[in-house]
Visitor: 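Sharing a structure below in C-alpha cells format, with a few things to ask.
Residue numbers count from 1 along this sequence. Just so you know, these numbers come straight off a predicted model, no measurement behind them. Every number for a ligand or one of its atoms is a count from 1 in the order of the listing.
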Amino acid sequence: MRVVKSPKALQRLATQARQAGRRIGLVPTMGYLHAGHLSLVHEARRRVGADGLVVVSIYVNPTQFAPTEDLARYPRDFRRDSALCREAGVDVIFAPTDLYGGRATGRYSTYVVEEQLTAGMEGASRPTHFRGVTTVVAKLFNCALPDIAVFGAKDWQQAAVVQRMVENLDFPLKLIIAPTHRESDGLALSSRNKFLDPQQRAQATVLWRAQKLAQARVRQAGRGGVPVAELKAFIAALVAAESAARLDYAEFFDPKSLVPVETVVKGVHFALAVFFGSTRLIDNGRM
Ligand code: PAF
C-alpha cells in the first residue's frame, strides 16, 4: 500500500495504472474510518477486480465546513485509518495536507456549484456545504482518474448531487452508491457518532425508528398514501419525545430529483437530520 500526498504524484500513478490497463476505483472519505467506509472499499475492489487499483482519499475538506461548524474537532486518526486500509487491501491512500494551496494567499478562486439539488435539506441547513463537496470531489476525480467512485447511501443528497455533477460535467466515470451500514439497533455508522454521550447514543436510534414507523404507516395506507404534513408532525413528535434530540429537518421527496412530495407513497424517499447537542446526525431511506 502506498501513501500519496500530492495531486501530481497521484495523477502520475493513476495515469500509469490506466496505461497498464488497470481499472481504478476511488473511495473518497474524510478519514476516521469505520465499517461503513470499509464496505465501500470492498465494493470498489469487487468492481475493479484483483488487478485494479483501489484508492482511498483521506482528507478533511475545509471548504465543506462553515466557520461555525466542527472542522477543528472533526475526528482524525491517520495511523488507525492506514492500518484499516492496509487490512482491507487498499492499494493507495491519497492523504494531501492541503488541496487549496493558494487559499491563504488568495490564489484559490475556483469552485464547482450544483444549483438545483442542493437547495433543500443539507443545502438549506448548511448553505456553503455542497459547494465544498462538489469542488473537492471534482478535484479528487481529477487526481485519481477513477473508472468508478463509491459513495455511501447515508448521505443521499450528497450522492445525488455528485451524480448530477458527473453527468453535467462529463466526468468519465461511474458512480456507485453503496448501502448504509448500521449498528444492531439501527443507528447508521458515522464518524460523528463518537461525539454522542451515552444518553444521546441511546436516543439517537430515533432516526431509525422514525424511518421504520413512517415506512409502516405508508405501507398500511396503501395506494392512497399519507399526507406529508401528517408524517412530518408524527416524526416531529417522535423526536421531541427524546430529551437530548432536536429535529433539524424531515423531508419526503423524489429519490432522484429530490423534489418534495405532498403525498407519501411507496418509493418516495425520506431524509432527516437531528441534533444531539452540537452533534448533527443524518439518515435516510426509501418508503
Ligand atoms: O462524505 C464525505 O465524507 C465527504 O463529504 C466527501 C465525499 C469525502 C468529500 O469531502
Visitor: Short list, please: which atoms of ligand 1 are under 4.0 Å from a heavy atom of Pro28?
Guide: 8 (C)

Visitor: Just which atoms of ligand 1 are under 4.0 Å from any heavy atom in Val136?
Guide: 9 (C), 10 (O)

Visitor: Please step through side chain to side chain donor-acceptor pair (under 3.5 Å) for the pair Tyr249 and Glu122, ending with a clear verdict.
Guide: CA-CA 9 Å; Tyr249 65 76; Glu122 292 301 289; 2.4 Å; yes

Visitor: Identify the protein heavy atom lying closest to atom 7 (C) of ligand 1, giving its residue, its atom name and the separation to 0.1 Å.
Guide: Gln158 NE2, 3.5 Å

Visitor: Which residue and non-hydrogen atom of the protein lie closest to atom 9 (C) of ligand 1, and at what distance in Å?
Guide: Gln64 OE1, 3.3 Å

Visitor: Looking only at side-chain N and O atoms, does Ser125 offer a donor or acceptor that is under 3.5 Å from a partner on Asp248?
Guide: yes

Visitor: When you check the side-chain N and O atoms of Tyr100 and Asn61, is any donor under 3.5 Å from an acceptor?
Guide: yes

Visitor: Tell me, which protein residue and heavy-atom name are nearest atom 3 (O) of ligand 1, and how many Å apart are they?
Guide: Met30 CG, 3.6 Å

Visitor: Decide whether Thr205 and Glu183 meet the rule of one side-chain donor and one side-chain acceptor closer than 3.5 Å.
Guide: no

Visitor: Heavy-atom distances under 4.0 Å decide this one: backbone, side chain, both or neither, for Asp155 against ligand 1?
Guide: side chain

Visitor: Would you mind running through ligand 1 and noting each atom that sits below 4.0 Å from a heavy atom of Phe151?
Guide: 7 (C)

Visitor: Answer yes or no on whether Arg286 is positioned over the face of Phe270, meaning its NZ or CZ is under 6.0 Å from the six-membered ring centre and within 45° of the axis.
Guide: no

Visitor: Hey, which atoms in ligand 1 end up nearer than 4.0 Å to a heavy atom of Thr29?
Guide: 8 (C)

Visitor: State, without any angle test, whether Asn284 and His269 hold a side-chain donor-acceptor pair at a distance under 3.5 Å.
Guide: yes

